[in-house]
Amino acid sequence: MTKTYLKFRKRITAVTCFVILSWSVLCAKLFQIQILNRSKYQKVILTHAQKKQTLIANRGNIYDRNNRPFTRNIIHYTLSAKPGDVKDKVNLANALSEQTGKPILKYLEKLNSKDNFVYLDRNLQRETLGKLENIALDGFHIKRHYRRYYPHNSVAAQILGYTNVDNMGISGIEKDFNQYLTGTPGWIIKTKGWKGKFQQKSGNPYQKPVDGDNIQLTIDLEYQSILEEELGRRQKETYAKAATGIVMNPQTGEILAMASTPGFDNNRYFETEMDYHRVRAVTDQFEPGSTFKVVAAIAALSENAISLTEEFNCENGEFPYYDITIKDHEKYGFLTFPQIIQNSSNIGVVKVMEQVGSIPLFETARNLGFGTTTRISLAGELSGKLHPVKNWSRVSQGQIAMGYEVGVTAIQLATAYCAVANGGFMVTPRLIRQIIKDNKDVVYAEEPSIIRQVTNRRVMDQVQKMLRSVVVNGTGHNAEIAGWDVAGKTGTAKKVIDGKYSDDKYISNFVGLFPSEKPQLLGLIILDEPHKPYHWGSEGAAVTFKRLMKRIINLDDSIIPPARLKKDAAKHFKKPIRNDIVMAKTQPVASQVSVKSPPVLSMITSYNNQVKMPDVRGFSMRKAMTTLRSSGIKFKIEGSGKVAWQSPRPGTILTNGKTCLINLK
């Protein structure tokens, strides 16, 4: 050993030990980071270098029976911020104010908030977003969403319902079938590029979003629009508090239209009273009055308790019935049972029920669905009110026969009359036709179903003839349509106010079968508190039914005229797609339906630059509209009935966007 080494040995030893110790510590630390705490630090690196972005799924759309959309999904943007991370708050607030037109102080207040996260603005269109889309600031975020839009505004608003700001259903079909309409979000991993921006790269993990299912309703958009227009019109004319209507196919139970007025616009639901949002046909019950007399008629004929020629003394309009007095709207003497129904005699129906008894009346009412829900595919349905016989008073039998002391919903009353129209079978009212996945697979379908047979066809044929006489010679004369046979029943009932029957507040209602022989449509109209003389079912509700059906006749070629019905009895209501109920002689069964998904459920329509003008002269309004729409031609309609002339002439070559005029007479 040299003298130099000996001189510095202690220092060399110390340095060597320090180096060895340092390397040992460093190795231990590296072992800890890369082996022991590998997962922890890997997550930290991935957090800074990668980002998992959610891919929002499209909400399923709702369509009418002919695949016309009731809903659309509109792209919108949400602006948010983390106030603590935003450095230049004044400039950001100023940029936001310039684009949205809202006060700068509104945004400054949010940006100066002590919250970790704030929403600056929501539901912005891309046009409004403008240059904000290209702003890259720490703490400022722009997120793309889809917002629900209802292209027909108030049409079918109560049925469809609406969604909240998070695009979740909170009312109507949107709420009740939210699990089907809501899709499954996807995700994608983005990595940070050399400029510090996150980018999508091939090979990164990716999960495609699954869009929500589409729902096809039994509702017909054009029927629905007509019903709402006529209800609103009659409500104003009669100064009624509200109006409710239903149009059904009585053979299958399909609801073709259902509405209440006043209504509301789904796109701006927050601007109207919540009272307008409910489906009154399902959620509101009322005492129907004389439209309930059909229950007494069915009970009496089913029990063979009377003959159609037997006469009953109607006491010239006033009859003491235990401790109450029964009155008729006119003075009648002796009437047969068909005449009692035709003239809606309260005294006559009470005397008929004295021969029939309470139990048959109760059982018939129960078999017709009163006192129980119809199981329609909407939440909030009431079961109505029908007390058991043991709870009846001595006047209950007569009162219930007249349509008092019983609470019904509009859908219950319409469904009961369906049984009259189809020969005695209770069918389940159908609102959902089918639910379809994006790949056209049917995941749910409501097929025609028979609940029970109320009575035989002979009885119902007799009741139908009585209802026809109501329109021809009785209280329903205002529902008659020239050239068509209409059957129906009027109803006028006093409302119960504070536990007592009011003398000036009434329910005017009418249920009609169209046509009377092999009915293709059933219509129900209810007016709530119309002014006199519109409180009578014949003067208020029956008029609306007539207007409604006349417009449907002019619109729809599938409504078969009486002459054709007699020539070809096999041609039944063609509007449903092979899903009519088959009535067997012994055991009723619903037809086996092969439910097919609609051929196209798309929001995108393509147009050619030029199109040849078709010849629509002689077409009905509906057929003309369908033909022109399929050709991509805009049109303006004048008048009603059949197309008398058109402009431009058939065969004219039109450019895209050209509007034609068609006149109907």
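Quantities reported herein were computed from a predicted structural model and do not represent experimental measurements.
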Using every non-hydrogen atom in the two residues, find where [X] and [Y] come nearest and quote the distance to one decimal.
{"X": "Ser290", "Y": "Asn346", "value": "OG-OD1, 4.2 Å"}
{"X": "Ala401", "Y": "Leu361", "value": "N-CD2, 4.1 Å"}
{"X": "Ile347", "Y": "Cys314", "value": "CD1-O, 3.3 Å"}
{"X": "Ile450", "Y": "Val427", "value": "CG1-CG1, 4.3 Å"}
{"X": "Ala487", "Y": "Ser516", "value": "CB-CB, 3.6 Å"}
{"X": "Ser396", "Y": "Ser393", "value": "OG-N, 2.8 Å"}

As a quick check of understanding, evaluate side-chain contact (heavy atoms from CB on, under 4.5 Å) for Leu217 and Leu160, giving each step before the final call.
CA-CA 10 Å; Leu217 304 180; Leu160 298 175; 4.0 Å; yes
For the residue pair [X] and [Y], establish whether any side-chain heavy-atom pair is separated by less than 4.5 Å.
{"X": "Tyr506", "Y": "Trp536", "answer": "no"}
{"X": "Glu529", "Y": "Asp504", "answer": "no"}
{"X": "Ile215", "Y": "Ile173", "answer": "yes"}
{"X": "Lys489", "Y": "Val294", "answer": "no"}
{"X": "Pro519", "Y": "Gln464", "answer": "yes"}

Applying side-chain contact (heavy atoms from CB on, under 4.5 Å) to Met466 and Ile340, what does each step give before you reach the verdict?
CA-CA 9 Å; Met466 292 182 192; Ile340 288 171; over 6 Å; no
Is there a donor in the side chain of [X] and an acceptor in the side chain of [Y], or the other way round, less than 3.5 Å apart?
{"X": "Asn367", "Y": "Thr364", "answer": "no"}
{"X": "Thr261", "Y": "Gln235", "answer": "yes"}
{"X": "Gln434", "Y": "Tyr63", "answer": "no"}
{"X": "Asn478", "Y": "Ser538", "answer": "no"}
{"X": "Glu237", "Y": "Tyr239", "answer": "no"}
{"X": "Gln158", "Y": "Tyr276", "answer": "no"}

Under the criterion salt bridge (charged side-chain N to carboxylate O under 4.0 Å, His left out), I'd like the reasoning laid out for Arg375 against Glu381: C-alpha separation, chi angles, the key distance, then a yes or no.
CA-CA 8 Å; Arg375 296 183 295 176; Glu381 182 185 9; over 6 Å; no
Can you check whether Arg65's main-chain N or O pairs, donor with acceptor, with Gln216's side chain at less than 3.5 Å?
yes
If you apply the rule side-chain contact (heavy atoms from CB on, under 4.5 Å), what do you find for Arg234 with Phe545, and how did you get there?
CA-CA 10 Å; Arg234 198 59 176 162; Phe545 174 88; over 6 Å; no
Evaluation steps, salt bridge (charged side-chain N to carboxylate O under 4.0 Å, His left out), between Lys465 and Glu517
CA-CA 9 Å; Lys465 290 178 182 177; Glu517 184 180 347; over 6 Å; no
Going through the checks in order, is the ring-ring contact (aromatic ring centres under 6.0 Å, His included) test met by Tyr404 and Phe292?
CA-CA 9 Å; Tyr404 288 97; Phe292 201 78; over 10 Å; no
Under 6.0 Å from the ring centre and within 45 degrees of the ring axis: does the NZ or CZ of Lys495 meet both conditions for the six-membered ring of Phe286?
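No cation-pi geometry.
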